[in-house]
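Data block below; observations after.
Every chain is numbered from 1 and lettered A, B, ... according to where its sequence line falls, protein lines coming before strand lines.
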Number of protein chains: 2
Amino acid sequence: MSDAPSRRAASGTEAYQLDEQVGFLLRRASQRHIAIFNAGIPELTPTQFAALAKTAEIGPVSQNELGRATAMDAATIKGVIDRLAARGLIETGESPTDRRRVMVRLTSEGRAALARLIPSAQAITEATLAPLTPPERAEFIALLERLG
Amino acid sequence: MSDAPSRRAASGTEAYQLDEQVGFLLRRASQRHIAIFNAGIPELTPTQFAALAKTAEIGPVSQNELGRATAMDAATIKGVIDRLAARGLIETGESPTDRRRVMVRLTSEGRAALARLIPSAQAITEATLAPLTPPERAEFIALLERLG
DNA sequence: TATGATTTGTTTGTGTGCAAACGAACCGGG
DNA sequence: CCCGGTTCGTTTGCACACAAACAAATCATA
């Protein structure tokens, strides 16, 4: 159905094909992953789950520090924490040593939810990588880590 | 600094390390790319540029079709088109054959802007992939395409 | 041709994601 | 001790991204 690769744009747009650009491909892969996540864990967003999991990993943390650990800026992590707290999965308190800090820690409910959801999260990771063979998955993850 | 890989979480969270999950890595890589894009092309968002470039590729299209071609749903593409039209880079009109359709085409301004920005866009792609060697870049793109 | 299903676009609501501007608290050097 | 720089958190404003619900137009087929 036509000579696709040597396709020439009508105007002066040269050989810029959107579908070959990393940025576009990254966005599409993220979208697909998020769709898989929403199907597997409907009760939490990927971002909320990330904050929950990271809090479990690194224990009680200040809000901004948790944001840094999960790649969310101060404005974003605030909303995420507010919503998790409203659901009773985490709780916030003041720091004994720094009055500016808002400390974040899991509730037992949060801990239970996390334990319950981790298998689903692992399945989601696998489903996302399903189109690749196991060695390809490892390779992909390794390359992706270096682009962070 | 400690036995990192065999690190054991205090609670029952088992071996779920956020920083190893594809979803998290995809989000981080996207964030980095978007930051590079914003620095290289401050006047347009990556999404807006994608819509502009795709419109140039596939000529006059209906709004929803352009959305499909750029991986944006109907609600999203509408906002993007509204903003591009407000800037005079594209213009919309009615379809002669289907009264529901909103046809989208580049203005000469849009065409000029695109021609001017494509080199920057290419530089942005390269900068995003800079941490990888050329063969790794090709490999990464190939794997990423299959995760779309 | 009627009519039911599909498609196109719109609107609303929620959730990231980031820039910018701000006040409060902390920290270091003089 | 004071003072300037930094960090912590908040708020506002804008831009995706998607679900859900909707009206209008088109299509398929009985």
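Within residues 42-52 of chain B, the residues having any heavy atom under 4.0 Å from DNA chain D are, by residue number, B/Thr45, B/Thr47, B/Gln48.
For C/dT14, neither phosphate oxygen OP1 nor OP2 lies less than 4.0 angstrom from any side-chain nitrogen or oxygen of A/Arg83. For C/dT7, the OP1/OP2 oxygens have no side-chain nitrogen or oxygen of B/Arg101 closer than 4.0 Å. Of the side-chain N and O atoms in A/Arg27, none sit less than 4.0 angstrom from OP1 or OP2 of D/dA15.
Contacts of B/Asp98 with the nucleic acid, taken as non-hydrogen atoms under 4.0 Å apart, involve only primed sugar atoms and P, OP1 or OP2.
If you take CD1 of A/Ile36 and P of D/dC18, they are 13 Å apart, rounded to a whole angstrom. The separation between A/Leu66 atom CG and D/dC8 atom C1' is 14 Å, rounded to whole Å. Rounded to whole Å, the distance from CD1 on A/Ile81 to P on D/dG9 is 8 Å. Separating the CZ atom of B/Arg28 from the C1' atom of C/dG17 is a distance of 16 Å, rounded to the nearest angstrom. Rounded to whole Å, the distance from CZ on A/Arg32 to C1' on D/dA17 is 18 Å. What separates CG of B/Asp82 from P of D/dA17 is a distance of 15 Å, to the nearest Å. Rounded to an integer number of Å, the gap from CZ of A/Phe37 to P of C/dT16 is 11 Å. One interatomic measurement links the two molecules: NE2 of B/His33 to P of C/dC18, which rounds to 13 Å at whole-angstrom precision.
Remark: A/Gln63 CD to A/Ile77 CD1 distance equals 7.0 Å, nearest 0.5 Å. Considering CG of B/Leu44 and CZ of B/Phe37, their distance stands at 6.5 Å, rounded to 0.5 Å. Once rounded to the nearest 0.5 Å, the distance linking CZ of A/Arg146 with CG of B/Leu25 reads 13.0 Å. To the nearest 0.5 Å, the span separating CG on A/Leu84 from CD1 on A/Ile81 amounts to 7.5 Å. For the atom pair CZ of B/Arg27 and CG of A/Leu144, the computed distance is 12.5 Å after rounding to the nearest 0.5 Å. Of the inter-residue distances, the one linking A/Gln31 atom CD with B/Leu147 atom CG reads 13.5 Å to the nearest 0.5 angstrom.
The 5' end of DNA chain D is approached more closely, in terms of each residue's nearest nucleotide, by A/Met103 than by the other of A/Met103 and A/Gln31. Comparing A/Met72 and B/Gln63 by the nucleotide of DNA chain C whose heavy atom lies nearest to each, the residue mapping closer to the 5' end is B/Gln63. In this structure, A/Ala75 and B/Asn64 both approach DNA chain C, and ranking their closest nucleotides by distance from the 5' end singles out B/Asn64.
Applying the 6.0 Å contact sphere to CD of B/Glu94 captures no more than 12 heavy atoms from other residues, nucleotides or ligands. Counting heavy-atom neighbours within 6.0 Å of B/Glu145 CD, excluding the residue itself, gives a total above 12.
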Nucleotides 22-24 of chain D: which of its N/O atoms have a protein N/O under 3.5 Å away?
none

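The side chain of B/Val80 lies closest to D/dC16, out of C/dG9, D/dT11, D/dC16. Of the candidates D/dA17, C/dA19, D/dT26, the closest approach to any side-chain atom of B/Arg99 belongs to D/dT26. If you check D/dC18, C/dT16, C/dC18 against the side chain of B/Asp73, the one that comes closest is D/dC18. For B/Lys78, taking side-chain heavy atoms from C-beta onward, the closest of the listed nucleotides D/dC18, C/dT10, C/dA19 is C/dT10.
Screening A/Leu106, A/Thr70, A/Val80, A/Thr47 for a side-chain contact (heavy atoms from CB on, under 4.5 Å) with A/Leu52, the sole residue that qualifies is A/Leu106.
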Practice problem: Let me see the working for A/Glu57 and A/Lys54 under salt bridge (charged side-chain N to carboxylate O under 4.0 Å, His left out), right down to the final yes or no. | Solution: CA-CA 5 Å; A/Glu57 257 184 56; A/Lys54 201 64 181 180; 3.0 Å; yes

